[in-house]
Amino acid sequence: MDGFTAFSKTRPETSISLPACAIKRLAPAPAVCCNLPQMKKPTRVNHPPEIALPPGNRALVSPIYQSVKFEFESVEETERSLRGERPGFFYSRASNPTVRQLELLVAEMQGREDAIAVGSGVAAMAGCLFAQLKQGDHVLCFVETYGPTRYLIKRLLGRFGVSHTMISIEDDAGIEQVLASTPTRLVIFESPTNPVTKIADIARITALAKQHGALTVIDNTFAGLHNHGQYPVDLFVHSLTKYASGHGDVMGGAVIGNADLIARMRTDYTIVGATLDPHAAFLILRGLKTYFLRYREQCANAARIAQFLATHPAVTRVHFPGLASHPGHELARRQMQEFGGIVSFDIRGGFDAGRRFADALEYFALAASLGSTESLAMPPQMLRSRDLTPAQVLMSAITNGTVRLSIGIEDCDDLIADLAQALERSAPDPA
Ligand SMILES: Cc1ncc(COP(=O)(O)O)c(C=O)c1O
């Protein structure tokens, strides 16, 4: 017999056949309990045979703990767990083994002790701001900050008496002046920024913030989990929807920091309830297996594409930190291991040329998000920041002709050929 028949002696009609190599031991929940008659089928389907791997035997790919609830053997043990006196899991909104595995992995990748994983990047950001801020606090943020983060600070936290100052990430003197003149609880920034890849001086910002008693939070989504860990940033926020999972099929987010800080935030996150589903955590863990391969390839393709665009007559400016002409090039060289997979550029002919270019693309998809294996394009029509004043838009360096490309892992010659033909078709019809 090449299979192992579970419970065949007690209930042949409910038995299941498993390959002998897959099961060595059947754990609790037998069909017959000592003080009760044999289970009937409606009971049995709710208490199926449990498969536990014997000591010394492990799955190479961790299982998905697709369970909301976890049981201890007694009320006493449940209470001990709830009091934090013993390890274990109780309810998946608070913690789940698959999600926990992801949290520990991303924390290690970012060079910190702990993390909280949630259902999206924006949920990670919202949880972080709500956990760290209270009425009367002041936040320093930037016009280059990701739009929904600006919304959280300006609209949502504004309603609860949190004030903010918003300047440009390039305004070195302004950063110093705001921190020196206004007691500030938190500085939040990105590097490279979205979409024009400005580079923040992380050493300078963290030093100034520390000097003035402010917490630093970086949205490190563009730079990736392996960058910037060497700087004393207090909290790293990531959209795991992007490079971490990498395939555009799952959403997730994380806040990462040292154990104390993360522990103090965990209950707030749990109560807000933006829980990451264990299956989503599994998909992100799977994506992370190829994270470095993908990121490296994306960066290499991005560098070639930036060079191509820099010499193209239909392009007036390229934003890519890997180009020596980029104002943040030297800083990016110091701060990052590579220059990222985002290339933005200004197209000659502005808004309308951007539309024609985008409509002509064949391989690049016109889609939101970034960091996927396939290349994506956002034309000027999709990059407008409606909440910024004209002066702030000018500061942001996003123009009427700015196009953002998220570079994938396709063959780079194909990508360049697609960009070339679309740029050619971006010029107005001579008729
Ligand atoms: C820099 C940055 N941070 C955060 C997010 C939000 O992530 P999510 O879509 O997972 O909520 C995005 C999404 O585009 C982003 O670009």
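What you see is a predicted model; the values in this text were computed from it and never measured. Order of listing sets the numbers, starting from 1, for every ligand and every atom in it.
- Under the 30°/60° scheme for interplanar angles, the aromatic rings of H312 and F308 are found to stand perpendicular.
- For a heavy-atom separation below 4.0 Å, the residues in contact with ligand 1 are S120, G121, V122, Y146, N194, D219, T221, F222, S239, T241, K242, M251, G252, L370.
- A 4.5 Å side-chain heavy-atom check between Y243 and L370 finds at least one atom pair inside the cut-off.
- Aromatic ring pairs are classed by plane angle as parallel below 30°, tilted from 30° to 60° and perpendicular above 60°; the pair F72 and F90 is parallel.
- A pairwise comparison of heavy atoms in V143 and S168 identifies CG2-CA, 4.1 Å as the closest pair.
- Two residues are said to be in side-chain contact when any heavy atoms from C-beta on lie closer than 4.5 Å; Y65 and R100 fail this criterion.
- Nearest approach of L285 to L102, heavy atoms of both residues: CD2-CA, 3.8 Å.
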